[in-house]
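Heavy-atom basis, side chains included; hydrogens, waters and symmetry copies ignored. Computed from a prediction, not measured in an experiment: that's the story for all the values here.
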Amino acid sequence: MKSDFLKIMHERGFVHQCSDLEGLDAKLCEGPQSAYIGFDATAQSLHVGNLTGIMMLYWFQQCGHKPITLMGGGTSKIGDPSFKDEQRKLLDDATIEENIKNIEKTCFAQFLTYGDGPADALMVNNNDWLDGLKYLEFLRDYGRFFTVNRMLSFDSVKTRLERESPLSLLEFNYMVMQGYDFLELNRRYGTLIQMGGSDQWGNIINGVDLGHKADQVQLYALTAPLLTTPDGKKMGKTENGAVWLNAAMLSPYDYYQYWRNVDDVMVGTLLRRFTILPIDEVEKLEALEGAEINEAKKILAFEATKLCHGESAAIDAQDTAQKVFEQGSIGDDLPTIEIDGTRLAAGIPLLDLLVETGLAASKGEARRLIQGGGIKRNDEAVNDVGYASTDGDLTGDGYIKLSAGKKRHVLIRTK
RNA sequence: GGAGGGAUGGCAGAGCGGUCAAAUGCACCAGACUGUAAAUUUGGCGUCUUCGGACUACGGAGGUUCAAAUCCUCCUCCCUCCA
């Protein structure tokens with residue numbers, strides 16, 4: 001391995017499959033290249049599941065190459081069927097457009113430098129070329145390069161068929177579209193490389209093949225191992241929803257906490273992948289055992305938060321976490337709600353307060369939490385379901401700290 | 001077009017006239033133990049409640065019955081086999 005980029009990919013655990021590792025290595029050594037990764041435009045923000053791709057592009061740019069973020073504005077109208085059991089809802093143009101703007105501003109901009117320079121990142125939307133395609137023309141020019149026999153052989157499709165879960169023609173076309181994207185990017189920008197998660201392998205390879213057949217160009221595919229938690233779930237999803245990169249959808253503190261609470265066995269992998277710490281430092285942290293792993297997790301959480309939300313947000317999150325968990329105190333980053341002072345003076349049933357703060361979804365749940373000993377007020381367990389908070393509960397610093405379990409805390413202040 | 005089978009809580013999957021807010025497993029939440037981890041273990045897991053209950057729920061709409069997730073009719077959707 002000679003190229004800086006592939007060296008980094010290797011030591012940081014980003015390489016799963018490559019269509020031609022040596023060829024790609026040689027190409028990268030020749031001079032600056034461009035590579036792209038496709039991203040979904042179905043939500044207002046990307047999430048931790050997209051972070052692998054973003055980090056690949058980040059390193060690509062750091063190595064002096066040009067990353068291209070391809071937004072699936074056009075393909076979002078179809079929905080990637082890969083490994084999904086059910087057909088997705090389709091989105092309208094305006095929503096997709098809105099999503100793309102948001103994602104660029106709040107997700108990519110933290111990791112990539114956009115601009116017009118040779119190594120500046122480029123943002124493209126495949127709707128630009130997919131939207132105007134003529135069906136007959138497209139079938140005639142490109143459809144002939146795809147055999148259904150081969151399309152059926154892809155795992156993504158096979159699993160769907162084996163489960164006897166209906167796969168519409170619309171969705172089946174997704175891989176054709178994605179293959180065409182690659183060709184189009186090659187034509188427009190000379191892009192030779194497409195990267196992605198290992199689940200995208202089939203889609204990417206389709207593009208490589210199409211490049212061969214349609215334009216006689218040699219394209220390259222590079223995929224990263226899909227990260228799963230030890231119990232086999234995809235990274236970046238929790239029961240409360242996705243771990244969003246956009247601070248407006250998930251606070252930096254919660255983002256920090258997400259990383260702080262990852263499974264022990266994941267720490268090394270995650271440090272490699274989602275921080276930019278030097279490898280020797282990562283190796284030192286990986287060697288920690290037992291309770292010391294917490295130190296590695298703190299660094300992981302801090303570094304990951306710093307990359308995504310900036311250093312000051314990371315410091316704030318870290319401070320708050322330290323105060324809350326190590327000193328049993330409070331920090332500025334804890335979620336805070338304001339309550340009318342006169343209302344509080346009159347007394348507010350704790351049950352209502354728990355619902356208002358979001359610590360419980362309903363009064364019934366709040367009641368059960370109290371009965372189960374899960375609720376604390378200013379760090380003291382509350383056992384009385386009928387308890388009502390008054391301004392007498394305010395601490396000297398003017399807040400009430402409510403906790404559900406050990407990790408969920410909310411501050412209440414008066415206004 | 002014809003013949004069957006099916007639709008149950010976040011998912012999987014029992015129930016097939018009252019004892020069903022619905023077994024069981026997974027997921028989730030909380031307690032214990034810990035290291036803000038994992039594993040283990042205990043409790044919880046529709047909404048409201050003056051804690052007696054009340055209300056809404058088993059694809060949708062009607063009906064039979066004192067009583068329906070369970071029986072009947074129609075509708076919608078899915079699957080299998082035949083053409």
Side-chain angles (χ1 to χ4, degrees), chain A residues 83-87 89 160-168 227-243 251-271 285-302 304-305 314 317-331 333-335 349-352 354-377 379-388 401-410:
Chain A
F83 305 102
K84 302 265 165 37
D85 291 343
E86 282 170 23
Q87 189 173 335
K89 301 175 245 3
R160 186 76 171 259
L161 293 177
E162 274 161 19
R163 283 166 177 258
E164 294 180 344
S165 166
L167 174 68
S168 68
L227 273 193
T228 53
T229 57
D231 41 339
K233 276 177 279 181
K234 275 194 187 174
M235 279 286 296
K237 294 261 161 98
T238 69
E239 282 315 305
N240 303 318
V243 182
S251 73
Y253 171 72
D254 286 328
Y255 189 78
Y256 178 96
Q257 283 298 312
Y258 171 75
W259 296 106
R260 181 60 190 54
N261 284 301
V262 295
D263 208 295
D264 277 12
V265 300
M266 299 293 293
V267 175
T269 312
L270 299 177
L271 278 165
L285 293 170
E286 271 177 328
L288 296 175
E289 284 178 20
E292 288 189 326
I293 293 175
N294 282 322
E295 294 313 309
K297 285 188 191 174
K298 283 180 201 167
I299 292 172
L300 168 66
F302 178 78
T305 307
Q318 189 177 45
D319 274 2
T320 294
Q322 199 188 10
K323 283 182 188 153
V324 171
F325 292 99
E326 291 172 31
Q327 296 161 18
S329 148
I330 61 155
D333 269 9
L334 285 182
L350 183 59
L351 292 177
D352 292 334
L354 288 169
V355 174
E356 278 181 51
T357 53
L359 289 172
S362 67
K363 284 200 205 177
E365 185 183 326
R367 183 174 280 116
R368 284 178 230 119
L369 279 169
I370 294 173
Q371 285 165 346
I375 295 295
K376 292 200 185 104
R377 181 212 55 197
D379 297 311
E380 272 181 50
V382 180
N383 300 310
D384 176 12
V385 170
Y387 184 81
K401 178 186 180 190
L402 284 184
S403 316
K406 293 191 187 71
K407 293 182 190 170
R408 295 155 60 213
H409 308 279
V410 175

A:Arg367 side-chain proximity, nearest of B:A30, B:U49, B:C48
B:U49
Between CG on residue A:Asp264 and CG on residue A:Leu288, distance to nearest 0.5 Å:
11.0 Å
Please state the P separation for the pair B:A3 and B:A14 - nearest whole angstrom.
27 Å
Would you kindly give the NZ-to-P distance between A:Lys376 and B:U36, to the nearest whole Å?
12 Å
In whole Å, measure the gap between the C1' atoms of B:U73 and B:C79 for me.
23 Å
Between A:Phe325 (CZ) and B:G35 (P), how many Å, whole number?
15 Å
Measuring only the C1' atom in each nucleotide, how far is B:C58 from B:A21? A whole number of Å is fine.
10 Å
Rounded to whole angstrom, note down the C1' distance from B:G6 over to B:G59.
11 Å
Is the glycosidic torsion of B:G13 within 90° of 0, making it syn, or is it anti?
anti
Nearest listed nucleotide, side chain of A:Ser362, among B:U36, B:U47, B:C29:
B:U47
Rounded to the nearest Å, what distance is computed from the CD1 atom of residue A:Ile370 to the P atom of nucleotide B:G44?
17 Å
Just by distance, do the side chain of A:Lys297 and the backbone of A:Val262 share a donor-acceptor pair under 3.5 Å?
yes
Can you find a side chain N or O atom of A:Lys323 that sits less than 4.0 Å from OP1 or OP2 on B:U36?
no
May I have the distance from A:Lys407 (atom NZ) to B:C29 (atom P), rounded to whole angstrom?
9 Å
To the nearest Å, how far apart are A:Lys298 NZ and B:A37 C1'?
13 Å
At under 4.0 Å between heavy atoms, what does A:Ala321 touch on the DNA or RNA strands: base, sugar-phosphate, or nothing?
base
Distance check, P atoms only: B:U40 and B:C45, in whole angstrom units.
22 Å
Across the strands shown, which category fits A:Glu365 at heavy-atom distances under 4.0 angstrom: base, sugar-phosphate, nothing?
nothing
Whole angstroms only, please: what is the CG-P distance between A:Leu359 and B:A30?
10 Å
Can you tell me the distance, in whole Å, between the CD atom of A:Gln318 and the C1' atom of B:U36?
14 Å
For A:Arg408 and A:Glu326, take the nucleotide of RNA chain B holding the closest heavy atom to each; which residue's nucleotide lies nearer the 5' end?
A:Arg408
Ranking B:A37, B:G44, B:U49 by distance to the side chain of A:Lys363, first place goes to B:U49
Looking for any heavy atom pair under 4.0 Å, which part of the strands does A:Val262 touch: base, sugar-phosphate only, or nothing?
sugar-phosphate
Along RNA chain B (nearest heavy atom to each residue), the more 5'-positioned of A:Asp352 and A:Tyr256:
A:Tyr256
I need the CG-C1' distance between A:Asn261 and B:C29, as an integer number of Å.
15 Å
Side-chain donor or acceptor of A:Lys407 paired with backbone N/O of A:Phe325 under 3.5 Å:
no
Looking at OG of A:Ser329 and CD of A:Gln322, how far apart are the two atoms once the value is rounded to the nearest 0.5 Å?
10.0 Å
Which nucleotide sits closest to the side chain of A:Lys406: B:C51, B:A32, B:G35?
B:A32
How is A:Arg368 classified with respect to the nucleic acid when contacts are heavy atoms under 4.0 Å: base, sugar-phosphate, or nothing?
sugar-phosphate
With a 3.5 Å distance limit and no angle check, can you tell me whether A:Arg408 reaches the backbone of A:Leu359 through a side-chain donor-acceptor pair?
yes
Under a 4.0 Å N-O cut-off, is there an ion pair linking A:Lys298 with A:Glu295?
yes
Which value, in whole Å, describes the distance between the P atoms of nucleotides B:A61 and B:C51?
35 Å
Which nucleotide in B:G44, B:A38, B:U36 has an atom nearest any side-chain atom of A:Asp263:
B:A38
